[in-house]
Amino acid sequence: QVHLVESGGGSVQAGGSLRLSCVVSGSSINSYMVAWLRQTPGKEREGVAALFYGAGRTFYDDSAKGRFTISRDTAKSTVYLQLNSLKPDDTAMYYCVADFWSRVAVGAIFSHDFKYWGQGTQVTVSS
């Protein structure tokens, strides 16, 4: 069982930055993949970034490369998503999700049906 709590969303102008945090708790969290997904009403869910919590290996959706960075601080049991050079199209509810690492195919991370979800944190970017 894994529990995820996000924070750090807010409203910013285009070009601005935000850092989202996801506190990860539960048993055997080193055995999990943790990812950030985003959802906008009327649009399909999008993958953003992911990492193997134990090893720290990271993965990015093409839309996030160069602007977003996923990282973790194991001492704080927290996964971060640094959002830079934000655009209005980045406006969405951002969710922290997790699943046992062996259930996630590396080639299909962002289409995986993650088992554990946080409550989400809203990011709004104005032009």
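When reading the values below, keep in mind they use all heavy atoms of this one structure, side chains included, and skip hydrogens, waters and symmetry mates.
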For the ring pair [X] and [Y], is the centre-to-centre distance below 6.0 Å?
| X | Y | answer |
| --- | --- | --- |
| Tyr94 | Trp36 | no |
| Phe68 | Tyr60 | no |
| Phe52 | Phe59 | yes |

If two hydrophobic side chains count as joined below 4.5 Å and joins carry through other members, does Leu20 share a cluster with Val23?
->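 Different clusters: Leu20 never reaches Val23 through Ile, Leu, Val, Met, Phe, Trp or Tyr contacts under 4.5 Å.
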
Is the NZ or CZ atom of Arg19 positioned over Tyr80's six-membered ring, under 6.0 angstrom from the centre and within 45° of the axis?
-> yes

Got [X] and [Y] here, is their nearest side-chain heavy-atom distance under 4.5 Å?
| X | Y | value |
| --- | --- | --- |
| Arg103 | Met33 | no |
| Glu6 | Tyr95 | yes |
| Thr91 | Thr40 | no |
| Gln119 | Val5 | yes |
| Trp117 | Leu37 | yes |

Over all atoms of both residues, closest heavy-atom pair of [X] and [Y]:
| X | Y | result |
| --- | --- | --- |
| Thr121 | Ser7 | OG1-C, 4.0 Å |
| Val34 | Val24 | CG2-CG2, 4.5 Å |
| Ile109 | Ala50 | CG2-CB, 3.8 Å |
| Arg72 | Gly54 | NH2-O, 3.0 Å |

Atom pair CZ/OG of Arg45 and Ser111 - distance to nearest 0.5 Å =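 These two atoms lie 8.0 Å from each other.
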
May I ask you to say whether Lys87 pairs ionically with Asp90, meaning some side-chain N is under 4.0 Å from a carboxylate O?
->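 A salt bridge is absent here (no side-chain N lies under 4.0 Å from a carboxylate O).
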
Would Asp73 and Thr78 count as a side chain to side chain donor-acceptor pair (under 3.5 Å) if you check the C-alpha gap in whole Å, the side-chain angles of each, and the deciding distance to 0.1 Å?
-> CA-CA 5 Å; Asp73 184 335; Thr78 302; over 6 Å; no

